[in-house]
Amino acid sequence: MLTAQWLYGISACLILALGLRATLLHTSLLRRIIAINIMGTGVFMMLVIIAYRGPDAVPDPVPHALVLTGIVVAVSATALALALLRRLNTEKADD
Amino acid sequence: MIDLFSSIFMLSGIIFFLAGSIGLLRLPDLYSRLHALTKADNLGLGLLLVGLALHMQQPLFALKLLLIWLAVLAAGSASAHLIAQHARRQEADQ
Amino acid sequence: MSEVLFVCVGGLMLSLLLGLVRVLRGPEAGDRMLAIQLIGTTGVGLLMLLSLLLNMSALIDVALILALLAAVAAAAFTGQQREPEND
Amino acid sequence: MNIISLYLVDILLVISLLSLAWASLTTADARRSVILFMAFGLVLALVWARLLAPDVALAEAAIGAGLSGALLLAAIGEQPGSSINVNTDHSEDVQDSNRSVVVTWTITGLCAALAIILAWTLLQTFDNVNNKATAQAVSENLTDSGVSNPVTAVLLNFRAYDTLLELAVLLSAVLGIFSLGGIRSPYQLAGPVFDGLARWLVPVLMLTAGYLLWVGAHAPGGAFQAGATLAAAAVVLRLAGHHNIGLPQGKSLHIIMTIGVGLFLLVGLSMLALGRSFLDYPPALAGTLILVIETAAMISIAATLVLAFLGGRPQMQKHKPC
């Protein structure tokens, strides 16, 4: 096993767990949206490190393509979540 | 010979970088930090890129490096100005 | 030559770390944003060095995007919304 | 020598990443959390570059370090009570305010257990030698794909279904945003410095988008990165206080929102009509078809991201733009 693999692999798991913990513990919805984004980053990192084959080898392109798709979907989901949050705030303000 | 020149450029670039970062960390308030940072790291990056450009085989890459440096220079000074302006506005609000 | 590159990578990582301390410590939002600018510039330099070390010319394009988007981030940080007109 | 310097880079990058994630998740202030998240995205782009994923690094540099931050900052600007002083709004953000210590520690423990199980499974995966099949399949069929960048080949040819459906997801996100509320209030007109910045930054971003789209066929780049860069250009115009940011109105807006999915579907169906299977391009035409689809996808992706930043459907213009 390469050093980079376990180093980044374990960090990916840590980032995911930290993000999940914050998603569950925060009461502010905006903070939860940020936490879910960080959690998603952990998943992306797992995929990229699975694709990694060492500093001189060509990595597997399939997980890279998946992560690329994931990043764009994550940002659009974040945008939708922020729009929901905004609507929620205006509803609260109207009450 | 080219190696020697490029090494000198790159290492002096790194020294400017570190000077800027240490300034950012040690200086007492935002405005003086800004002062240290914008000068040092832009010049540092410029020197580093000159050193690297001497190694590039294709002139196209060297041109790209120049372009990036110009972008960093222009963006960095404008951003620093905007951040300072923002800080002033915040102070005025309080 | 590779020794020089090694020293440069080390110096830039140190610079990145110093910027990181400022991002974490603040105290004002402006200080953090300024440190983000430093991390951006350091990142540009680091990407150039990595493109040589890892033999990937595409990282130069990444550096270009990083340089441009750092300015967008600063603009987004300082942009002020107008007060809603009819509310 | 290279290996040692790479170890150094690895360790410092991981430390930066973890400390920024921790700080962003635990700080009391929401605005500070967003700024730390932006720094996190910046370091993440470096991590992807280090892990030999330049396509991902490009997307992260455009989206993670720039656009997500802009989106979140715009959302923060609108949070109730934030217009006067953003730093006093602590009460809502303290994470453990009304939860018992037991709940907090149970959740922390469960998350730690999850991390350990995941890490153990992941480390097992690395030792498995049989996970090279997909990489081999890609490199064997690359010559038939019409492009020489393997990631673009996977996205637009081998797994084109994924990308088609992704564009559909983007479209539905925009429709959701449209149904939830109106456009955010515009920004104050920029001062001379910001105006000067926008004057060169916007055209350079647009040029870079075109470059990334073109280069995507044989080097890292492509529709996603180009779309995000193009969107950044419009976001800068919006931040500089312009009303007219290049988005068309009415019917034309609907066209650029749907052109990505629409054209993709059209190409897929015409393959069906030609007696091939859905989205199976003939190798001779593949390069051209991919470029056409990518151009359309770039336009739709950029439109989606800009509309997400605006926060709703742009109203019809009442007066002429000055």
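These numbers come from the heavy atoms of this one structure, side chains and all, not from hydrogens, waters or symmetry mates. Below, chain A is the first sequence line, B the second, and so on; all start at residue 1.
When all heavy atoms of D:A23 and C:L24 are compared, the closest pair comes out as CB-CD2, 3.5 Å. The minimum heavy-atom distance linking C:L17 with D:S16 is given by the pair CD1-OG, 4.0 Å. Scanning both residues, C:L66 and D:A61, for their nearest heavy atoms gives CD1-CB, 3.7 Å.
In terms of heavy-atom pairs under 4.5 angstrom with chain D, the leader among C:L59, C:L68, C:L12 is C:L68. The most heavy-atom pairs under 4.5 Å with chain C, out of D:A45, D:G69, D:A219, D:A62, come from D:A62. Note on C:A58, C:A73, C:A75: by heavy-atom pairs under 4.5 Å with chain D, the leading option is C:A75.
Rounding to the nearest 0.5 angstrom, the gap separating the CZ atom in C:F77 from the CD1 atom in D:I35 is 4.5 Å. Between C:L20 atom CG and D:L42 atom CG the span is 11.0 Å, to the nearest 0.5 Å. Considering CE of C:M13 and CD1 of D:I15, their distance stands at 9.0 Å, rounded to 0.5 Å. With rounding to the nearest 0.5 Å, the separation of CZ in D:R50 from CG in C:L50 is 8.0 Å. Of the inter-residue distances, the one linking D:F194 atom CZ with C:T78 atom OG1 reads 5.5 Å to the nearest 0.5 angstrom.
Interface residue C:L54: only side-chain heavy atoms are found under 4.5 Å from chain D. Only the side chain of C:L64 comes within contact range of chain D, with heavy atoms under 4.5 Å apart. Looking at D:V9, the atoms closer than 4.5 Å to chain C (heavy atoms on both sides) sit in the backbone and in the side chain alike. Both the backbone and the side chain of D:L58 come within contact range of chain C, with heavy atoms under 4.5 Å apart. With a threshold of 4.5 angstrom between heavy atoms, D:Y211 approaches chain C through side-chain atoms but not through N, CA, C or O. For chain C, the nearby parts of D:A57 are the backbone and the side chain; heavy atoms of each come within less than 4.5 Å. When heavy atoms are compared at a cutoff of 4.5 Å, D:L201 approaches chain C solely by way of its side chain, counted from C-beta outward. Of the two parts of D:T208, only the side chain, counted from C-beta on, holds a non-hydrogen atom closer than 4.5 Å to a non-hydrogen atom of chain C. Within the 4.5 angstrom heavy-atom criterion, no atom of D:S24 approaches chain C.
For residues 220-229 of chain D, a heavy-atom distance under 4.5 Å to chain C picks out D:P220, D:T229, given by residue number.
Side-chain contact between D:L46 and C:L16 is present, with heavy atoms from C-beta onward closer than 4.5 Å. Using a 4.5 Å heavy-atom threshold, the side chains of D:I63 and C:L69 count as separate. Using a 4.5 Å heavy-atom threshold, the side chains of D:L212 and C:I65 count as touching.
Applying the salt bridge (Lys or Arg N to Asp or Glu O under 4.0 Å) rule to C:R32 yields no partners; only residues at least two apart in sequence or on another chain are considered.
Remark: D:W22 CH2 is loosely packed, at most 12 non-hydrogen atoms of other residues, nucleotides or ligands lying under 6.0 Å away. At most 12 heavy atoms of other shown residues, nucleotides or ligands fall within 6.0 angstrom of atom CE in D:M206.
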